[in-house]
There are 2 protein chains.
Amino acid sequence: MKIGELARETGCTVETIRYYEKVGLLPKAMRSQENNYRFYNQKHLDLLLFIRRCRTLAMTHEEIQQLLQAREEPDNSCVSINELIAEHLEHVRARIEELQALESQLEILGNECHSVHAARDCGILKKLDEADNSDWQIPKTSNSHVEGSRCHHKKS
Amino acid sequence: MKIGELARETGCTVETIRYYEKVGLLPKAMRSQENNYRFYNQKHLDLLLFIRRCRTLAMTHEEIQQLLQAREEPDNSCVSINELIAEHLEHVRARIEELQALESQLEILGNECHSVHAARDCGILKKLDEADNSDWQIPKTSNSHVEGSRCHHKKS
DNA sequence: TAAACACCCTGAAGTCACTTTAGGGTCAAC
DNA sequence: GTTGACCCTAAAGTGACTTCAGGGTGTTTA
(Lines give C-alpha, C1' and ligand atoms only; values in the text may rest on other atoms or scores of the structure.)
Protein backbone atom coordinates (compact mmCIF):
# COMPACT_ATOMS: atom_id res chain seq x y z
CA MET A 1 0.00 0.00 0.00
CA LYS A 2 1.01 3.58 -0.51
CA ILE A 3 1.81 6.02 2.26
CA GLY A 4 -1.59 7.67 2.33
CA GLU A 5 -3.27 4.34 2.87
CA LEU A 6 -0.80 3.41 5.62
CA ALA A 7 -1.46 6.75 7.26
CA ARG A 8 -5.21 6.18 7.27
CA GLU A 9 -4.82 2.61 8.60
CA THR A 10 -2.71 3.78 11.53
CA GLY A 11 -4.21 7.16 12.34
CA CYS A 12 -0.92 8.83 11.54
CA THR A 13 0.05 11.53 9.05
CA VAL A 14 2.16 10.92 5.95
CA GLU A 15 4.56 13.57 7.21
CA THR A 16 5.03 11.71 10.47
CA ILE A 17 5.60 8.44 8.63
CA ARG A 18 8.26 10.07 6.49
CA TYR A 19 9.72 11.57 9.64
CA TYR A 20 9.86 8.18 11.35
CA GLU A 21 11.65 6.74 8.33
CA LYS A 22 14.05 9.64 8.32
CA VAL A 23 15.01 9.24 11.98
CA GLY A 24 15.29 5.49 11.57
CA LEU A 25 12.38 4.50 13.76
CA LEU A 26 10.62 2.87 10.84
CA PRO A 27 12.59 0.86 8.25
CA LYS A 28 12.88 2.34 4.78
CA ALA A 29 10.07 1.48 2.45
CA MET A 30 10.40 -0.19 -0.89
CA ARG A 31 9.99 2.19 -3.80
CA SER A 32 8.23 1.88 -7.14
CA GLN A 33 10.48 2.17 -10.15
CA GLU A 34 8.42 4.51 -12.22
CA ASN A 35 7.71 7.24 -9.71
CA ASN A 36 9.70 6.46 -6.54
CA TYR A 37 6.55 6.19 -4.43
CA ARG A 38 6.89 4.34 -1.16
CA PHE A 39 5.19 0.94 -0.87
CA TYR A 40 4.45 -0.75 2.40
CA ASN A 41 3.68 -4.34 3.35
CA GLN A 42 2.13 -5.96 6.41
CA LYS A 43 5.40 -5.82 8.35
CA HIS A 44 5.53 -2.05 8.04
CA LEU A 45 1.91 -1.78 9.08
CA ASP A 46 2.60 -3.92 12.16
CA LEU A 47 5.66 -1.89 13.07
CA LEU A 48 3.92 1.44 12.67
CA LEU A 49 0.98 0.31 14.80
CA PHE A 50 3.46 -0.78 17.47
CA ILE A 51 5.20 2.57 17.30
CA ARG A 52 1.96 4.54 17.44
CA ARG A 53 0.78 2.59 20.46
CA CYS A 54 4.01 3.39 22.22
CA ARG A 55 3.61 7.03 21.31
CA THR A 56 0.11 7.14 22.73
CA LEU A 57 1.82 5.98 25.91
CA ALA A 58 4.15 9.00 25.65
CA MET A 59 7.21 6.88 25.21
CA THR A 60 10.23 8.57 23.66
CA HIS A 61 11.70 7.38 20.42
CA GLU A 62 14.60 5.98 22.38
CA GLU A 63 12.32 3.93 24.55
CA ILE A 64 10.47 2.71 21.50
CA GLN A 65 13.74 1.71 19.87
CA GLN A 66 14.54 -0.35 22.93
CA LEU A 67 11.23 -2.17 22.75
CA LEU A 68 11.63 -2.75 19.02
CA GLN A 69 15.06 -4.18 19.69
CA ALA A 70 13.66 -6.51 22.34
CA ARG A 71 11.01 -7.60 19.84
CA GLU A 72 13.75 -8.57 17.39
CA GLU A 73 15.47 -10.76 19.99
CA PRO A 74 12.76 -13.16 21.15
CA ASP A 75 15.17 -15.37 23.07
CA ASN A 76 16.34 -12.62 25.36
CA SER A 77 14.89 -12.07 28.78
CA CYS A 78 11.99 -9.66 29.06
CA VAL A 79 13.39 -8.06 32.20
CA SER A 80 14.41 -4.93 30.32
CA ILE A 81 10.92 -4.57 28.89
CA ASN A 82 9.34 -4.80 32.29
CA GLU A 83 11.81 -2.31 33.69
CA LEU A 84 11.27 0.13 30.86
CA ILE A 85 7.50 0.13 31.30
CA ALA A 86 7.77 0.41 35.07
CA GLU A 87 10.19 3.31 34.85
CA HIS A 88 8.05 5.04 32.31
CA LEU A 89 5.04 4.62 34.59
CA GLU A 90 7.02 6.28 37.39
CA HIS A 91 7.78 9.20 35.09
CA VAL A 92 4.12 9.59 34.27
CA ARG A 93 3.22 9.51 37.96
CA ALA A 94 5.86 12.10 38.75
CA ARG A 95 4.49 14.37 36.08
CA ILE A 96 0.97 13.95 37.39
CA GLU A 97 2.13 15.04 40.83
CA GLU A 98 3.88 18.06 39.40
CA LEU A 99 0.77 19.10 37.55
CA GLN A 100 -1.39 18.58 40.61
CA ALA A 101 0.88 20.89 42.58
CA LEU A 102 0.61 23.36 39.74
CA GLU A 103 -3.16 23.04 39.79
CA SER A 104 -3.21 23.89 43.49
CA GLN A 105 -1.03 26.92 42.95
CA LEU A 106 -3.24 28.16 40.15
CA GLU A 107 -6.35 27.67 42.27
CA ILE A 108 -4.80 29.68 45.08
CA LEU A 109 -3.73 32.35 42.64
CA GLY A 110 -7.14 32.53 41.03
CA ASN A 111 -8.70 33.02 44.46
CA GLU A 112 -6.56 36.12 45.03
CA CYS A 113 -8.95 38.03 42.84
CA HIS A 114 -12.50 37.95 44.15
CA SER A 115 -14.31 40.26 41.79
CA VAL A 116 -13.82 42.33 38.71
CA HIS A 117 -12.09 45.66 39.20
CA ALA A 118 -9.15 47.59 37.84
CA ALA A 119 -5.98 45.77 37.08
CA ARG A 120 -4.14 47.79 39.70
CA ASP A 121 -6.28 46.19 42.37
CA CYS A 122 -6.11 42.68 40.98
CA GLY A 123 -4.95 40.21 43.56
CA ILE A 124 -3.54 37.93 40.89
CA LEU A 125 -1.16 40.57 39.57
CA LYS A 126 -0.24 41.58 43.11
CA LYS A 127 0.59 38.00 43.95
CA LEU A 128 2.73 37.59 40.85
CA ASP A 129 4.44 40.87 41.69
CA GLU A 130 4.98 40.44 45.40
CA ALA A 131 8.41 41.14 46.82
CA ASP A 132 8.23 38.28 49.28
CA ASN A 133 9.49 35.18 47.54
CA SER A 134 8.47 32.62 50.15
CA ASP A 135 5.28 31.61 48.36
CA TRP A 136 7.22 31.19 45.18
CA GLN A 137 9.59 28.37 45.87
CA ILE A 138 10.74 27.09 42.56
CA PRO A 139 9.26 23.59 42.50
CA LYS A 140 11.75 20.78 42.58
CA THR A 141 11.28 19.15 39.23
CA SER A 142 11.41 15.47 38.55
CA ASN A 143 13.58 13.79 36.00
CA SER A 144 10.51 12.76 34.13
CA HIS A 145 10.84 13.02 30.39
CA VAL A 146 7.13 12.75 29.95
CA GLU A 147 6.07 15.77 28.00
CA GLY A 148 5.93 18.69 30.28
CA SER A 149 8.92 17.69 32.23
CA ARG A 150 11.51 20.33 32.78
CA CYS A 151 14.34 17.91 32.39
CA HIS A 152 15.30 15.88 29.38
CA HIS A 153 17.34 12.75 29.54
CA LYS A 154 20.97 13.62 29.21
CA LYS A 155 22.60 12.20 26.14
CA SER A 156 26.15 12.20 27.43
CA MET B 1 23.63 44.69 38.79
CA LYS B 2 25.19 42.54 36.12
CA ILE B 3 23.52 39.56 34.48
CA GLY B 4 25.14 36.92 36.69
CA GLU B 5 23.85 38.65 39.80
CA LEU B 6 20.36 38.96 38.33
CA ALA B 7 20.47 35.27 37.45
CA ARG B 8 21.36 34.28 40.99
CA GLU B 9 18.67 36.57 42.46
CA THR B 10 15.98 35.01 40.31
CA GLY B 11 17.06 31.38 40.07
CA CYS B 12 17.42 31.74 36.34
CA THR B 13 20.37 31.21 33.99
CA VAL B 14 22.18 34.01 32.18
CA GLU B 15 21.42 32.25 28.91
CA THR B 16 17.71 32.27 29.66
CA ILE B 17 17.84 35.97 30.57
CA ARG B 18 19.55 36.76 27.30
CA TYR B 19 16.97 34.59 25.55
CA TYR B 20 14.10 36.45 27.19
CA GLU B 21 15.59 39.75 26.07
CA LYS B 22 16.04 38.40 22.56
CA VAL B 23 12.43 37.27 22.24
CA GLY B 24 11.22 40.52 23.75
CA LEU B 25 9.78 39.12 26.95
CA LEU B 26 12.21 41.16 29.03
CA PRO B 27 13.05 44.75 28.03
CA LYS B 28 16.55 45.42 26.77
CA ALA B 29 19.10 46.13 29.46
CA MET B 30 21.22 49.25 29.67
CA ARG B 31 24.80 48.63 28.61
CA SER B 32 28.11 49.90 30.01
CA GLN B 33 30.13 52.00 27.60
CA GLU B 34 33.49 50.38 28.11
CA ASN B 35 32.61 46.72 27.66
CA ASN B 36 28.94 46.53 26.61
CA TYR B 37 27.99 44.53 29.65
CA ARG B 38 24.30 44.49 30.57
CA PHE B 39 23.22 46.36 33.67
CA TYR B 40 19.94 45.79 35.42
CA ASN B 41 17.91 47.83 37.87
CA GLN B 42 15.09 47.00 40.27
CA LYS B 43 12.47 47.17 37.52
CA HIS B 44 14.20 44.44 35.57
CA LEU B 45 14.50 42.34 38.70
CA ASP B 46 10.78 42.76 39.39
CA LEU B 47 9.87 41.90 35.82
CA LEU B 48 12.05 38.83 35.71
CA LEU B 49 10.64 37.56 39.00
CA PHE B 50 7.14 38.05 37.58
CA ILE B 51 8.10 36.16 34.44
CA ARG B 52 9.73 33.32 36.35
CA ARG B 53 6.69 32.92 38.57
CA CYS B 54 4.49 32.68 35.53
CA ARG B 55 6.84 30.10 34.06
CA THR B 56 6.68 27.98 37.19
CA LEU B 57 2.95 27.99 36.51
CA ALA B 58 3.66 26.64 33.01
CA MET B 59 2.29 29.70 31.30
CA THR B 60 3.41 30.27 27.72
CA HIS B 61 5.33 33.34 26.73
CA GLU B 62 2.22 34.60 25.02
CA GLU B 63 0.20 34.30 28.19
CA ILE B 64 2.93 36.03 30.14
CA GLN B 65 2.98 38.84 27.61
CA GLN B 66 -0.73 39.28 28.15
CA LEU B 67 -0.30 39.54 31.90
CA LEU B 68 2.58 41.97 31.51
CA GLN B 69 0.41 44.08 29.25
CA ALA B 70 -2.39 44.08 31.81
CA ARG B 71 0.15 45.13 34.42
CA GLU B 72 1.06 48.15 32.29
CA GLU B 73 -2.56 49.25 32.06
CA PRO B 74 -3.69 49.56 35.67
CA ASP B 75 -6.94 51.27 34.78
CA ASN B 76 -8.21 48.45 32.63
CA SER B 77 -10.54 45.81 33.92
CA CYS B 78 -8.95 42.67 35.32
CA VAL B 79 -11.49 40.44 33.59
CA SER B 80 -8.94 39.26 31.05
CA ILE B 81 -6.51 38.35 33.81
CA ASN B 82 -9.10 36.28 35.59
CA GLU B 83 -10.07 34.57 32.36
CA LEU B 84 -6.49 33.82 31.42
CA ILE B 85 -5.75 32.19 34.77
CA ALA B 86 -9.01 30.24 34.71
CA GLU B 87 -8.40 29.00 31.19
CA HIS B 88 -4.87 28.02 32.03
CA LEU B 89 -6.13 26.12 35.05
CA GLU B 90 -8.52 24.22 32.78
CA HIS B 91 -5.63 23.31 30.52
CA VAL B 92 -3.67 21.98 33.46
CA ARG B 93 -6.66 19.94 34.60
CA ALA B 94 -7.13 18.54 31.11
CA ARG B 95 -3.54 17.50 31.02
CA ILE B 96 -3.80 15.85 34.40
CA GLU B 97 -6.73 13.79 33.17
CA GLU B 98 -4.83 12.76 30.07
CA LEU B 99 -1.90 11.63 32.13
CA GLN B 100 -4.13 9.74 34.54
CA ALA B 101 -5.63 7.87 31.62
CA LEU B 102 -2.13 7.16 30.42
CA GLU B 103 -1.18 5.92 33.88
CA SER B 104 -4.07 3.47 33.82
CA GLN B 105 -3.08 2.19 30.41
CA LEU B 106 0.49 1.68 31.52
CA GLU B 107 -0.63 -0.16 34.65
CA ILE B 108 -2.76 -2.46 32.55
CA LEU B 109 0.07 -2.99 30.11
CA GLY B 110 2.57 -3.70 32.88
CA ASN B 111 0.22 -6.33 34.27
CA GLU B 112 0.27 -8.20 30.96
CA CYS B 113 3.64 -9.62 31.93
CA HIS B 114 3.52 -11.56 35.17
CA SER B 115 7.04 -12.94 35.44
CA VAL B 116 10.38 -12.90 33.73
CA HIS B 117 10.72 -15.08 30.66
CA ALA B 118 11.76 -14.81 27.02
CA ALA B 119 10.77 -11.75 25.09
CA ARG B 120 8.71 -13.89 22.71
CA ASP B 121 6.40 -14.74 25.58
CA CYS B 122 6.23 -11.26 27.03
CA GLY B 123 2.66 -10.09 27.47
CA ILE B 124 3.70 -6.48 27.10
CA LEU B 125 5.14 -6.99 23.63
CA LYS B 126 2.18 -9.11 22.66
CA LYS B 127 -0.17 -6.38 23.73
CA LEU B 128 1.72 -3.74 21.80
CA ASP B 129 1.75 -6.05 18.78
CA GLU B 130 -1.82 -7.27 18.83
CA ALA B 131 -3.80 -7.16 15.64
CA ASP B 132 -6.98 -6.15 17.37
CA ASN B 133 -7.04 -2.38 17.62
CA SER B 134 -9.98 -1.99 19.95
CA ASP B 135 -7.86 -1.61 23.08
CA TRP B 136 -5.81 1.01 21.32
CA GLN B 137 -8.18 3.82 20.65
CA ILE B 138 -6.08 6.86 19.98
CA PRO B 139 -6.97 9.06 22.94
CA LYS B 140 -8.79 12.23 22.10
CA THR B 141 -6.32 14.88 23.08
CA SER B 142 -7.21 18.15 24.65
CA ASN B 143 -6.23 21.51 23.31
CA SER B 144 -4.11 22.04 26.35
CA HIS B 145 -0.84 23.75 25.68
CA VAL B 146 0.49 22.71 29.05
CA GLU B 147 3.66 20.80 28.43
CA GLY B 148 2.86 17.28 27.59
CA SER B 149 -0.04 18.22 25.47
CA ARG B 150 -0.09 16.94 21.96
CA CYS B 151 -1.51 20.11 20.59
CA HIS B 152 0.02 23.55 20.42
CA HIS B 153 -1.93 26.73 20.07
CA LYS B 154 -2.45 27.51 16.46
CA LYS B 155 -0.94 30.77 15.39
CA SER B 156 -3.13 31.39 12.37
C1' DT C 1 -6.08 18.99 -24.51
C1' DA C 2 -6.22 21.58 -20.37
C1' DA C 3 -7.80 22.13 -15.80
C1' DA C 4 -8.86 20.46 -11.36
C1' DC C 5 -8.05 17.62 -7.65
C1' DA C 6 -5.95 14.14 -4.81
C1' DC C 7 -1.78 12.12 -3.97
C1' DC C 8 3.25 11.57 -4.06
C1' DC C 9 8.30 13.31 -3.53
C1' DT C 10 12.50 16.01 -1.27
C1' DG C 11 14.87 19.29 1.56
C1' DA C 12 14.64 22.78 4.73
C1' DA C 13 12.77 25.54 8.09
C1' DG C 14 9.48 26.34 11.82
C1' DT C 15 7.32 25.24 16.46
C1' DC C 16 8.25 25.92 21.80
C1' DA C 17 11.33 27.23 25.48
C1' DC C 18 15.13 26.85 26.31
C1' DT C 19 20.27 24.90 26.10
C1' DT C 20 24.63 24.15 24.09
C1' DT C 21 28.35 25.22 20.96
C1' DA C 22 31.80 28.19 18.97
C1' DG C 23 34.63 31.87 19.39
C1' DG C 24 36.16 35.84 21.54
C1' DG C 25 36.63 39.89 25.14
C1' DT C 26 37.13 41.73 30.23
C1' DC C 27 38.64 41.76 34.91
C1' DA C 28 40.96 40.47 39.08
C1' DA C 29 44.23 37.72 41.51
C1' DC C 30 48.54 35.31 41.68
C1' DG D 1 51.82 36.36 31.82
C1' DT D 2 48.56 32.94 33.35
C1' DT D 3 44.39 31.43 35.33
C1' DG D 4 39.68 31.48 36.34
C1' DA D 5 35.27 33.73 36.63
C1' DC D 6 32.44 36.51 34.11
C1' DC D 7 30.75 38.87 29.99
C1' DC D 8 29.49 39.15 24.79
C1' DT D 9 27.30 37.44 20.04
C1' DA D 10 25.47 34.29 16.67
C1' DA D 11 24.10 29.97 15.53
C1' DA D 12 22.86 25.42 16.15
C1' DG D 13 20.92 21.75 18.96
C1' DT D 14 17.06 19.50 21.78
C1' DG D 15 12.51 16.28 20.88
C1' DA D 16 8.74 15.16 18.10
C1' DC D 17 6.69 16.57 15.05
C1' DT D 18 4.63 20.22 11.51
C1' DT D 19 4.80 23.50 7.93
C1' DC D 20 6.86 25.59 3.96
C1' DA D 21 8.70 25.60 -0.75
C1' DG D 22 8.79 23.61 -4.96
C1' DG D 23 7.86 20.11 -7.98
C1' DG D 24 6.05 15.42 -10.02
C1' DT D 25 2.06 11.77 -10.97
C1' DG D 26 -2.43 9.96 -11.94
C1' DT D 27 -7.35 10.31 -12.71
C1' DT D 28 -11.48 12.60 -14.01
C1' DT D 29 -14.09 16.04 -16.40
C1' DA D 30 -15.27 19.70 -19.62
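Below, chain A is the first sequence line, B the second, and so on; all start at residue 1.
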Self-check item: Euclidean distance, atom NZ of residue B:Lys22 to atom P of C:dT19 [Å, nearest integer]
Solution: 15 Å

Quiz item: When all nucleic acid strands are considered with a 4.0 Å heavy-atom cut-off, which category describes A:Phe39: base, sugar-phosphate, or nothing?
Solution: nothing

Quiz item: C:dC9 phosphate, OP1 or OP2: any side-chain N/O from A:Arg38 under 4.0 angstrom?
Solution: yes

Heteroatom pairs (N/O) under 3.5 angstrom, protein to nucleotides 3-6 of chain D:
none

Quiz item: Whole Å only: how far is the CD atom of A:Glu5 from the P atom of C:dA6?
Solution: 18 Å

Quiz item: Base, sugar-phosphate, or nothing: which does A:Arg18 touch, judged by heavy atoms less than 4.0 Å apart?
Solution: base

Exercise. Give a yes/no on whether any side-chain N or O of B:Arg31 is located under 4.0 angstrom from OP1 or OP2 of D:dT9.
Key: yes

Self-check item: Under-4.0 Å side-chain N/O to phosphate OP1/OP2 contact, A:Tyr19 with D:dG15
Solution: no

Self-check item: Separation of D:dA16 C1' from A:Ile51 CD1 (nearest whole Å)
Solution: 13 Å

Quiz prompt | Side-chain H-bond candidate by donor/acceptor type, B:Glu107 with B:Asn111, under 3.5 Å | solution = no

Exercise. Could you grab the distance from atom CZ of A:Arg95 to atom CG of B:Leu102, nearest 0.5 Å is fine?
Key: 12.5 Å

Self-check item: Test: A:Glu5 and A:Arg8 ion pair at under 4.0 Å
Solution: no

Quiz item: Could you state the NE2-C1' distance from B:His61 to C:dT15, rounded to the nearest angstrom?
Solution: 13 Å

Quiz item: What's the CG-P distance between B:Asn35 and C:dG25, to the nearest Å?
Solution: 13 Å

Exercise. Round to the nearest Å and state the distance from B:Ile64 atom CD1 to C:dC18 atom P.
Key: 7 Å

Self-check item: Cluster overlap A:Ile17 with A:Met1, hydrophobic side-chain contacts below 4.5 Å
Solution: yes

Exercise. Decide, yes or no, whether a salt bridge links A:Glu90 with A:Arg93 under the criterion of side-chain N to carboxylate O below 4.0 Å.
Key: yes

Exercise. Kindly point out which of D:dC8, C:dC18, D:dC17 is positioned nearest to the side chain of B:Asn36?
Key: D:dC8

Quiz item: How long is the line joining CD1 of B:Ile17 and P of D:dT9, in whole Å?
Solution: 13 Å

Quiz item: Would B:Thr13 and B:Tyr19 count as a side chain to side chain contact (heavy atoms under 4.5 Å, CB included) if you check the C-alpha gap in whole Å, the side-chain angles of each, and the deciding distance to 0.1 Å?
Solution: CA-CA 10 Å; B:Thr13 65; B:Tyr19 169 71; over 6 Å; no

Quiz prompt | Minimum-distance nucleotide to B:Thr16 side chain [options: C:dT19, D:dT18, D:dT9] | solution = C:dT19

Quiz item: Salt bridge between B:Glu21 and B:Arg18, side-chain N to carboxylate O under 4.0 Å?
Solution: no

Quiz item: Just how far, in rounded Å, is P of D:dT9 from CD of B:Glu15?
Solution: 12 Å

